[in-house]
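Hydrogens, waters and symmetry mates are skipped; everything else that's a heavy atom, side chains included, is used.
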Amino acid sequence: MSERVNVVDVTPRDGLQNEKEIVSTRDKLLLIEKLALAGIREIQATSFVHPRWVPQMADAEAVAVGIQRFSGIRFSALVPNLKGYERAIASGIRFLEFVIAVSDTFNHKNLNRSTAESLELLTQVTKLAQQDDVEIRVGFSTAFHCPFEGEISARAVVDLLRATRERSPWRIAICDTNGMAYPDQVTEVLVLAKSELKMPVTELALHFHDTYGRGLANTLAGLEGGVREFDSTTAGLGGCPYCPGASGNLATEDLVAFLDGMGYETGIDMEKLLDAAEFANGFTSRPYQGHLLLAKRAGACGVKQPKESQLA
Ligand SMILES: [Zn+2]
């Protein structure tokens with residue numbers, strides 16, 4: 001039997017949060033329905049952040065109500081602070097993503113507090129989550145490179161892993177927020193985490209952006225290091241508010257095609273996933289950021305289909 005890889009689609013949150021054009025709650029739920037039909041079993045649905053900072057997520061409560069009709073899917077929501085935690089719990093969300101940046105400067109700019117203060121907040125949120133019987137995944141943003149501090153060392157990531165582990169039992173997603181990681185950095189973090197912290201690599205997830213086209217190379221390094229959970233966005237939507245021009249996350253359809261071809265089991269139907277990608281691509285005025293949709297349905301990306309005879 002082939003090995004299973006968990007694909008977490010984060011389009012409704014990471015993919016849309018930087019899109020200027022507001023996507024309606026109805027369209028977000030239609031995308032979620034298409035992802036569900038394609039066989040995606042874990043979706044990051046929204047973020048309980050203040051609407052002043054991220055207007056695209058102002059409908060977090062409405063999205064949380066809308067997703068209740070889907071069964072068999074694990075929906076998560078990002079919570080940046082205690083207020084967000086309370087809103088998420090009140091909305092019935094049972095799986096939360098708590099973010100901390102490895103880069104202290106990025107943490108200040110993004111969350112208005114130091115990384116050390118975020119760790120203290122994690123202690124509080126962990127206590128609440130255990131009382132409320134909800135699960136958390138901790139996301140480490142800027143784990144390989146920071147738009148302000150430059151390259152981030154594997155040492156810094158592993159130190160934060162240790163500090164997080166001391167405070168909480170949760171799974172941790174290591175995120176390449178601006179898409180500048182190299183595969184050797186991914187390998188170095190995984191090797192250090194295993195050797196120093198004796199951490200089962202199955203407790204780690206990887207989250208790649210594809211700004212420099214290294215998303216799949218980094219995925220391969222993660223797979224070889226034993227990671228079996230990867231985040232991505234349909235149609236490669238997304239970006240980074242601090243990296244103008246940055247393309248989006250690694251595209252879910254590219255990731256799934258890659259995993260399928262490498263013999264991993266994802267449980268995802270490619271044709272139905274391409275339907276979701278085609279729909280999601282309509283949310284942005286930017287050109288399509290992935291590959292698979294272009295290779296399989298060029299017309300959906302605004303490219304004229306070549307005639308059979310032109311195909312070499
Ligand atoms: Zn991201």
Side-chain angles (χ1 to χ4, degrees), residues 8-38 40 42-70 73 75-81 83-88 90-93 96-97 99 109-112 139 141 175 177-179 207 209-211 231-253 273 275-290 293 300-302:
V8 181
D9 190 281
V10 297
T11 314
R13 199 278 300 173
D14 209 13
L16 295 183
Q17 67 181 6
N18 297 312
E19 277 300 327
K20 284 200 174 56
E21 195 74 32
I22 299 290
V23 177
S24 70
T25 309
R26 185 175 172 274
D27 278 350
K28 288 176 185 175
L29 291 169
L30 274 171
L31 173 64
I32 288 169
E33 186 174 36
K34 288 176 191 297
L35 293 172
L37 281 171
I40 303 267
E42 192 159 332
I43 298 171
Q44 201 165 93
T46 189
S47 170
F48 288 88
V49 64
H50 197 291
R52 196 186 322 134
W53 306 123
V54 188
Q56 186 69 263
M57 298 291 126
D59 63 349
E61 273 82 1
V63 170
V65 169
I67 57 180
Q68 286 169 8
R69 69 181 139 106
F70 301 100
I73 295 178
F75 288 106
S76 67
L78 189 144
V79 292
N81 50 33
K83 174 83 186 150
Y85 176 90
E86 284 160 14
R87 284 175 61 201
S91 304
I93 301 283
L96 310 171
E97 178 99 0
V99 277
K109 301 245 184 203
N110 197 38
L111 297 163
N112 210 18
S141 54
C175 309
T177 307
N178 56 355
H207 172 115
H209 285 238
D210 207 23
T211 317
D231 291 2
S232 55
T233 63
T234 318
L237 294 185
C240 175
Y242 305 101
C243 329
S247 60
N249 296 53
L250 175 61
T252 305
E253 59 276 21
L273 181 60
D275 291 343
E278 202 171 323
F279 184 69
N281 199 40
F283 294 161
T284 181
S285 52
R286 295 193 302 171
Y288 172 60
Q289 302 289 324
L293 196 55
C301 311

**Complete:** Looking only at heavy atoms, the pair that brings K34 and A276 closest together is CB-CB, 3.8 Å

**Request:** Would you check, one step at a time, whether the test side chain to side chain contact (heavy atoms under 4.5 Å, CB included) holds for F48 with E61?
**Result:** CA-CA 8 Å; F48 288 88; E61 273 82 1; 3.9 Å; yes

**Fill in**
In terms of heavy-atom contacts, V79 and A88 come closest through CG1-CB, 3.8 Å

**Item:** Interatomic spacing from OG in S232 to NE2 in H207 - rounded to 0.5 Å
**Value:** 9.5 Å

**Request:** Enter the distance from T11:OG1 to I43:CD1 here, rounded to the nearest 0.5 Å.
**Result:** 8.5 Å

**Complete:** On a heavy-atom basis, the closest approach of G84 and P80 is CA-CD, 4.4 Å

**Request:** Starting at CD1 of I93, measure out to OG1 of T46 and round the result to the nearest 0.5 Å.
**Result:** 7.5 Å

**Prompt:** How many angstroms lie between CG in L237 and CZ in R286, if you round to the nearest 0.5 Å?
**Reply:** 7.5 Å

**Under 3.5 Å donor-acceptor, H209 side chain and T211 backbone** = no

**Prompt:** Below 4.5 Å, heavy atoms only, C-beta onward: do D231 and D14 meet side chain to side chain?
**Reply:** no

**Request:** Assess whether side chain to side chain contact (heavy atoms under 4.5 Å, CB included) is satisfied between T252 and L273, documenting all intermediate values.
**Result:** CA-CA 8 Å; T252 305; L273 181 60; 4.0 Å; yes

**CD on E21 to CG on L16, rounded to 0.5 Å** = 12.0 Å

**Request:** Determine the minimum heavy-atom distance between A45 and I32, stating which atoms define it.
**Result:** CB-CD1, 4.5 Å

**Prompt:** Is E42 reaching over with its side chain to a backbone N or O of I40, donor-acceptor style, under 3.5 angstrom?
**Reply:** no

**Prompt:** Does V63 reach the side chain of P12, with side-chain heavy atoms less than 4.5 Å apart?
**Reply:** no

**Request:** Might you point out which heavy atoms bring A60 and S47 nearest each other, and give the distance in Å?
**Result:** CB-O, 3.6 Å

**Prompt:** Which is it for K28 and L31 under the side chain to side chain contact (heavy atoms under 4.5 Å, CB included) test, yes or no, and what are the steps along the way?
**Reply:** CA-CA 5 Å; K28 288 176 185 175; L31 173 64; 5.8 Å; no

**Asked** Which heavy-atom pair separates C301 from N281 by the least distance, and what is that distance?
**Response** CA-ND2, 4.3 Å

**Prompt:** With a 3.5 Å cut-off and no angle check, do the side chains of E19 and T284 form a donor-acceptor pair?
**Reply:** yes

**Prompt:** Does E253 reach the main-chain N or O of A235 with its side chain, forming a donor-acceptor pair under 3.5 Å?
**Reply:** yes

**Item:** Atom pair OG1 (T234) and CG (D275), whose distance is rounded to the nearest 0.5 Å
**Value:** 11.5 Å

**Item:** Sub-4.5 Å side-chain heavy-atom contact between V99 and L111
**Value:** yes

**Prompt:** Can L29 and R69 be said to form a side chain to side chain contact (heavy atoms under 4.5 Å, CB included), step by step?
**Reply:** CA-CA 10 Å; L29 291 169; R69 69 181 139 106; 3.7 Å; yes

**Prompt:** If only atom types and distance count, is the side chain of Q56 paired as donor or acceptor with the main-chain N or O of V23 below 3.5 Å?
**Reply:** yes

